[in-house]
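Accompanying notes for the structure given below.
Predicted, not measured: the structure shown is a model, and the values here were computed from it.
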Amino acid sequence: MDKTIKQDLLRFYTFVKPYRLRGLGAMAITALAGSLDGVIAIILKPYIDLVILGDGSASNALFPILIVVFAVVQSLFDYGSNYLSTWVGKHIGNDIKMALFGKLTHSDTVLFDKNTSGDIILRYCSDADTSSEALLNNVKTFVTRLVMSVVLIGVLLYNSWILAIVAVGVLVVAVVPLNKVRKRLKQYNLDYAMKGAEVTTNYTEAYSGNRVITSYNLHDYAHDRLRATLDRLFRLSIKMVQRTNIMSLSMHFATSLGIAATIWLQGYLIQNGHMTPGNLVSFMAALLMLYQPIKKIGNTYTKVQASIMAIQRVLAVLDITPSITSPADAKRLDTVRDGITYDNVFFSYKPGRPVLRGIDLQIRPGESIAFVGSSGGGKTTLVNLLPRFYDVTSGSIRIDGVDVRELDLTNLRNLISIVFQDNFLFFGTIRENIMLGKRDASEDELRAAVSAACLDDFVYTLEKGLDTHIGERGVMLSGGQRQRVAIARAFIKSSPIVILDEATSALDNESEKVVQQAIENLMQNRTVLIIAHRLSTVVNADRIVVLKDGRIAEMGKHEELLARDGVYAFLYKTQTV
């Protein structure tokens with residue numbers, strides 16, 4: 001075993017340690033179950049010699065009864081082992097999933113920018129099961145076969161040490177090819193896992209994009225994409241089967257040679273009085289039992305390899321340290337008294353390709369400031385730097401004179417409420433989704449948030465009111481209703497800073513009026529940053545910042561910017577023509 005794999009397994013043991021006693025119990029019971037095969041093989045000798053070929057003094061019924069008793073006991077051991085190993089495997093798997101989920105929820109935003117949903121599900125969920133339950137089952141299989149092999153080799157030696165040397169020698173030769181195919185199998189397993197993640201991505205896209213698929217008649221396109229992925233997955237699986245089955249074929253051939261050699265030698269030994277017929281039957285039974293699991297070692301090895309690779313992927317994820325974290329000596333703010341300052345801010349998603357270029361901006365407490373401009377101008381990026389979805393490449397962003405990178409991250413984000421263009425609502429009720437803003441909010445606070453978000457007329461017409469289930473992603477609500485639930489969530493959070501990320505751009509005129517009123521309620525006595533594409537929604541902002549190519553092109557009130565007849569005036573006239 002590679003040194004790296006040994007180190008990874010030792011690290012993985014931290015998840016196993018809390019359940020080690022039950023795990024060891026499962027292994028012990030497994031060992032007992034495996035040893036009974038040897039007992040069954042060894043009692044065949046006296047059965048043949050004393051009952052079949054003896055003088056009839058031995059009871060013919062005793063040996064069948066013993067075999068039945070051993071079989072029942074072995075089944076009970078198997079049941080206990082399966083129960084304990086499943087219990088341990090599930091607990092370890094759940095602990096790993098919780099650790100991975102914690103990593104996922106605290107990951108940098110760039111993780112979600114660069115990875116597909118299939119990649120995320122594979123690395124943060126599926127690998128937990130593969131690395132725990134699958135590994136435990138494979139270890140249990142290994143222990144069973146190891147104990148069985150040791151006991152059966154003992155039976156072979158008991159019956160004839162000469163034949164045992166021949167049989168075990170062939171066995172050793174059969175296992176040698178394993179190391180040669182290990183590296184190839186490892187790469188195939190890795191590729192297979194990645195392609196499996198692509199299949200998951202196809203399904204999640206079909207679910208999330210079902211309306212686009214339907215409206216654009218993309219059924220054939222979606223089918224072709226999945227078919228191409230499945231074809232690649234099929235080719236990989238065939239290669240894996242070829243490699244493992246070639247190994248299994250070589251083992252079949254080697255074991256058949258071993259059996260043939262022992263049968264030839266047995267004839268010689270019996271003829272010369274070195275073995276009894278009972279020895280022969282017992283030896284052959286033990287030999288066949290010993291060779292049977294060895295023939296399947298190729299498939300078992302593939303599964304073990306997949307489990308070890310899953311463990312390595314789990315550990316790789318757990319080793320990831322987010323770049324955006326709270327500093328050791330983090331500062332905290334209770335509210336915003338002096339405002340927000342962007343000081344010579346530069347930002348790039350990729351080196352050498354700046355999105356923001358030297359942004360200088362002072363936002364006063366209680367001021368509403370809108371960011372407008374053409375797509376790609378840097379509006380959303382500028383605002384996303386405030387809650388540290390990303391960190392500035394250079395320069396600084398300060399709240400009350402404190403660099404946001406010096407603030408406790410939880411405290412910073414508690415200061416900010418965000419209403420997105422497409423707000424994510426969780427599966428559950430309206431009440432649960434609003435209360436996410438403040439999970440210990442009182443009923444009076446909840447009612448105030450519902451009222452401020454202009455949800456009263458809608459919610460109280462529902463049979464279950466706030467306890468109405470809204471489906472996954474709020475699919476049972478209209479766009480305007482989802483926005484108002486999100487606004488209520490932001491309202492109940494009661495943060496001093498509010499970010500409105502094109503909160504009304506996807507709504508029809510009627511819905512926009514209601515949502516706009518809810519937004520105005522939310523903006524009262526707060527510092528508000530508005531990202532807007534539709535300029536008619538920001539004409540009343542205290543200031544409008546016009547971004548172009550990552551720089552501030554203009555700044556001022558609506559009337560002032562129109563009077564300048566510059567970039568803003570051009571954009572406004574374009575939208576009002």
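Looking only at side-chain heavy atoms (C-beta outward), Pro496 and Arg526 stay at 4.5 Å or farther from each other. Annotation: side chain of Leu547 is not in contact with side chain of Val372 (no heavy-atom distance under 4.5 Å). Residues Pro327 and Asp329 form a side-chain contact, since some pair of their non-hydrogen atoms from C-beta on lies under 4.5 Å apart. For the pair Lys97/Leu100, no side-chain contact is recorded, criterion being any heavy-atom separation below 4.5 Å from C-beta on. Under the 4.5 Å side-chain criterion, counting only non-hydrogen atoms from C-beta, Leu318 is in contact with Phe15. Within the 4.5 Å cutoff, the side chain of Arg357 has no heavy atoms near those of the Phe347 side chain.
Using a 4.0 Å cut-off between a side-chain N of Lys or Arg and a carboxylate O of Asp or Glu, Asp403 and Arg405 qualify as a salt bridge. A salt bridge links Glu445 with Lys438: at least one charged nitrogen is closer than 4.0 Å to a carboxylate oxygen. Between Lys103 and Asp319 there is no salt bridge, since no side-chain N of the basic residue sits under 4.0 Å from a carboxylate O of the acidic one.
Panel note: side chain Tyr572, backbone Val567; no donor-acceptor pair is recorded below 3.5 Å. No donor-acceptor pair closer than 3.5 Å links the side chain of Glu554 to the backbone N or O of Leu561. With Asp467 contributing its side chain and Arg431 its backbone, the two residues share no donor-acceptor pair below 3.5 Å. A donor-acceptor contact shorter than 3.5 Å links the side chain of Asn433 to the backbone of Thr429. Checked by atom type and distance alone, the side chain of Thr527 pairs as donor or acceptor with a backbone atom of Gly366 at under 3.5 Å.
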Would Phe12 and Ile92 satisfy side-chain contact (heavy atoms from CB on, under 4.5 Å), going step by step from the backbone distance to the final call? CA-CA 10 Å; Phe12 187 76; Ile92 294 172; 4.3 Å; yes
Please evaluate residues Leu386 and Tyr342 with respect to the criterion side-chain contact (heavy atoms from CB on, under 4.5 Å), reporting the C-alpha separation (whole Å), side-chain torsions for both, the decisive distance (0.1 Å), and the verdict. CA-CA 9 Å; Leu386 181 61; Tyr342 285 76; 3.8 Å; yes
Take Leu382 and Val545 through the test side-chain contact (heavy atoms from CB on, under 4.5 Å) and record every step on the way to the result. CA-CA 11 Å; Leu382 181 66; Val545 175; 5.5 Å; no
The test is side-chain contact (heavy atoms from CB on, under 4.5 Å); show your working for Ile430 and Phe458 and say whether it passes. CA-CA 11 Å; Ile430 297 173; Phe458 162 65; 4.1 Å; yes
Which donor-acceptor pairs under 3.5 Å do the side chains of residues 387-400 make with protein atoms, sequence neighbours left out?
{"from": "Arg388", "atom 1": "NE", "to": "Asp391", "atom 2": "OD1", "distance (Å)": "2.8"}
{"from": "Arg388", "atom 1": "NH1", "to": "Thr325", "atom 2": "O", "distance (Å)": "3.1"}
{"from": "Arg388", "atom 1": "NH2", "to": "Asp391", "atom 2": "OD2", "distance (Å)": "2.8"}
{"from": "Tyr390", "atom 1": "OH", "to": "Asp113", "atom 2": "OD2", "distance (Å)": "2.6"}
{"from": "Thr393", "atom 1": "OG1", "to": "Ser348", "atom 2": "N", "distance (Å)": "2.9"}
{"from": "Ser396", "atom 1": "OG", "to": "Arg398", "atom 2": "NH1", "distance (Å)": "3.0"}
{"from": "Arg398", "atom 1": "NH1", "to": "Asp343", "atom 2": "OD2", "distance (Å)": "3.3"}
{"from": "Asp400", "atom 1": "OD1", "to": "Arg337", "atom 2": "N", "distance (Å)": "3.1"}
{"from": "Asp400", "atom 1": "OD1", "to": "Asp338", "atom 2": "N", "distance (Å)": "2.6"}
{"from": "Asp400", "atom 1": "OD1", "to": "Gly339", "atom 2": "N", "distance (Å)": "3.2"}
{"from": "Asp400", "atom 1": "OD2", "to": "Arg337", "atom 2": "N", "distance (Å)": "2.9"}

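Closest heavy-atom contact between Ile96 and Ala128: CG2-CB, 3.7 Å. Residue Ala448 comes nearest to Phe491 through the heavy atom pair O-CE2, 4.2 Å, listed as atom of the first residue, atom of the second, then distance. Nearest heavy atoms, Ala532 versus Val538: CB-CG1, 3.3 Å. Considering every non-hydrogen atom in both Lys548 and Ala553, the closest pair reads CB-CB, 4.1 Å. Shown here for Met523 and Ile530, the closest heavy-atom pair between the two residues is CE-CD1, 4.1 Å. Taking all atoms of both residues into account, the shortest heavy-atom contact from Ile544 to Ala541 is CG1-CB, 4.4 Å.
Rounded to the nearest 0.5 Å, atoms CE (Met435) and CD (Glu432) are 9.5 Å apart. Annotation: the span from Asp334 atom CG to Leu415 atom CG amounts to 8.5 Å, rounded to 0.5 Å. Taken to the nearest 0.5 Å, the CE atom of Met555 stands 5.5 Å off from the CG atom of Leu361. To the nearest 0.5 Å, the span separating CD1 on Ile418 from CD1 on Ile499 amounts to 4.5 Å. Atom CG in Asp501 sits 11.5 Å away from atom CZ in Phe371 (nearest 0.5 Å). Thr380 OG1 to Ile531 CD1: the interatomic distance, rounded to the nearest 0.5 Å, is 4.0 Å.
The side-chain hydrogen bond (donor to acceptor under 3.5 Å, both in side chains) contacts involving residues 360-372 comprise Thr341-Gln362, Arg364-Glu367, Glu367-Arg543, Ser368-Asp542, where partners must be two or more places apart or lie in separate chains.
Just one residue in the list Val528, Val383, Ile487 forms a side-chain contact (heavy atoms from CB on, under 4.5 Å) with Leu500, and that residue is Val528. Between Asp408 and the choices Arg332, Arg413, Lys331, the salt bridge (Lys or Arg N to Asp or Glu O under 4.0 Å) rule is met once, by Arg332.
Within a 6.0 Å sphere centred on CZ of Phe101, other residues, nucleotides and ligands contribute 12 heavy atoms or fewer. Within 6.0 Å of CZ in Arg227 there are 12 or fewer heavy atoms belonging to other residues, nucleotides or ligands.
Annotation: side-chain hydrogen bond (donor to acceptor under 3.5 Å, both in side chains) contacts of Asp444 (sequence neighbours excluded): Arg447.
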